[in-house]
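Shown next, in structure tokens, is the structure this report addresses.
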Amino acid sequence: MILYTLDMIGVAVFAVSGALAAGRKHLDLLGVMVIAVVTALGGGTLRDVLLDRSPVFWVQQPDYLIVAISAGLLTVIYTAFFKPPQRSLLIADACGLALFSLSGAQIAEAARLHGLIVILMGACSGVAGGLIRDVLLVEIPIILKRGNIYATAAIAGIALYLALQKMGIPNSGSMLVGMGTIVSLRLAAIMWGLSLPVYRLRDQE
Amino acid sequence: MILYTLDMIGVAVFAVSGALAAGRKHLDLLGVMVIAVVTALGGGTLRDVLLDRSPVFWVQQPDYLIVAISAGLLTVIYTAFFKPPQRSLLIADACGLALFSLSGAQIAEAARLHGLIVILMGACSGVAGGLIRDVLLVEIPIILKRGNIYATAAIAGIALYLALQKMGIPNSGSMLVGMGTIVSLRLAAIMWGLSLPVYRLRDQE
Amino acid sequence: MILYTLDMIGVAVFAVSGALAAGRKHLDLLGVMVIAVVTALGGGTLRDVLLDRSPVFWVQQPDYLIVAISAGLLTVIYTAFFKPPQRSLLIADACGLALFSLSGAQIAEAARLHGLIVILMGACSGVAGGLIRDVLLVEIPIILKRGNIYATAAIAGIALYLALQKMGIPNSGSMLVGMGTIVSLRLAAIMWGLSLPVYRLRDQE
């Protein structure tokens, strides 16, 4: 029940961040809704398609879709009157990332997949929605670019969660530590502008 | 049988519109064919993947693929000699949209899915082919941008179809009304330049 | 066993070409890894999703993923010190294309699909990884653009393979001829700059 509530909060937060990103691209109202929904549900959808879970989660439980559309609509209405609260959104986004990454990892774990696949599927759940959003908006996906430790935070958190579990720590404990790691890595990266080194090929000089 | 013929006409029309869009991007012949096929079959493919219908429709019935490739080739040959008939193409495209949207919605309906999912899957069938085409051609998808009531028309038509059915009107009747709604909304939008309001975020000023 | 080794070489080569392409776009290290993995595994993944093989190949056999990541990492380390060997990479890439195309075609053949679908699925296995890579890097996919007989080579080789098989030539023989065709078409196209004619729509003048 708590997990369900947290999951819905994650969907709503990602829908808001999608709607805001769309708002910088002069889309019409429907386009904004499409981007909000894709950002919120895209990661989990890609995970479900790759794992061949049938059908994808929001087809079975339309609540997810309803929450994403509502959050997108509220964002449009809210930002018509007020400035979006950038700082609290970043924190909410970090929590959404942590939540989606670990719930995605647990789904892959339940299917008894290899640890590397569990990490990948978890990161995919957390990150692919934003990636598809950027592709639709014709921008190099931000998670590939400067990164600011986004997907990296997800990978680190999931790996720690798996390691703790192997050491015998109970599921709820290792999950909390994993999520805490993701949130704090993300927030630290934002505060101090941490990022991975950029790879530059020097064959053109 | 009539539905099958209509469906094939839809595929052909969408393949033509894809080939024409590719013709403005200096692709080679194979690239044009790829874009024609993706535009014609992409929407239904995404629907089948999301609903986990196995395998996707054109893998089972290669006729669809043959029609799409032929229509693309004929477009290339035709436009080498003549100007494309823009106006009749727009009308044909509106019919293709209406057809694909309602046949997609009926597939989701047959799987006894939630009404919201039925609308989404129908709209996806009608619209996603053009969306993938634009992504491959590195343009912000036109259905997200100015819209001209494209996906909106699909959504309105499917919703009306579902509402009429709930009111007890027989399937064929409500389907005709739904398709008529989509075609007339589209053509009205083109004639009078109707569009949804654009959402502009004002946090940068 | 030989096929498995060849397949792994194909994955490694495509991962290297992905990492090099990413190196021209100023991505961070993780972004480079993502692009390397997507280039190496994207084609087969799309094929598996379209054919609804469950789950996709690298989820079942994580070796593929490990090889792709290792090849990407080695590329980053290598190019920090040396220039990438462009010429040998092109030859390796041609071999990877030949390999993936024919192994993809055989998977579709084993599922008793229509010849046209076999060709399409084979070409998709060989080509779609590079296509997704270009979409993520926001470039018009190179296989659509000037082509240099890339997807065309794959299609020709697979078609020849199918034709030879129909004429009663044993599988291993027709496969070798098919792969040889792809590699030599590709290398000939690179050496003499062969390409398909570009399609130019003239409705704007």
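To find a chain, count down the sequence lines: A is the first, B the second, and so on, and within it residues start at 1.
Atoms CG and CG, on Leu29(B) and Leu144(C) in that order, are 12.5 Å from each other to the nearest 0.5 Å. Annotation: the span from Met175(B) atom CE to Leu164(B) atom CG amounts to 13.0 Å, rounded to 0.5 Å.
With a 4.5 Å cut-off on non-hydrogen atoms, Leu113(C) touches chain B through its side chain but not through its backbone. Of the atoms belonging to Leu136(B), heavy atoms from both backbone and side chain fall under 4.5 Å from chain C. For Val59(B), the parts sitting under 4.5 Å from any heavy atom of chain C are the backbone and the side chain alike. Only the side chain of Val49(B) has a heavy atom closer than 4.5 Å to any heavy atom of chain C. Residue Ile35(B) touches chain C through its side chain alone, counting heavy-atom pairs closer than 4.5 Å. For Val138(C), the parts sitting under 4.5 Å from any heavy atom of chain B are the backbone and the side chain alike.
A cation-pi arrangement is present between Arg47(B) and Phe57(B), with the terminal nitrogen or guanidinium carbon under 6.0 Å from the aromatic centre and inside a 45° cone about the axis. In this structure, Arg133(B) fails the cation-pi test against Phe14(B), since its NZ or CZ atom is not both closer than 6.0 Å to the six-membered ring centre and inside 45 degrees of the ring normal.
No side-chain heavy atom of Asp134(B) sits under 4.5 Å from any side-chain heavy atom of Ile140(B).
Counting heavy-atom pairs under 4.5 Å between each of Val34(B), Thr75(B), Leu30(B) and chain C puts Leu30(B) at the top. Ranked by heavy-atom pairs under 4.5 Å with chain C, the list Val37(B), Leu65(B), Asp48(B), Thr45(B) is led by Leu65(B).
Between the side chains of Asp93(C) and Tyr150(C), at least one donor N or O lies within less than 3.5 Å of an accepting N or O.
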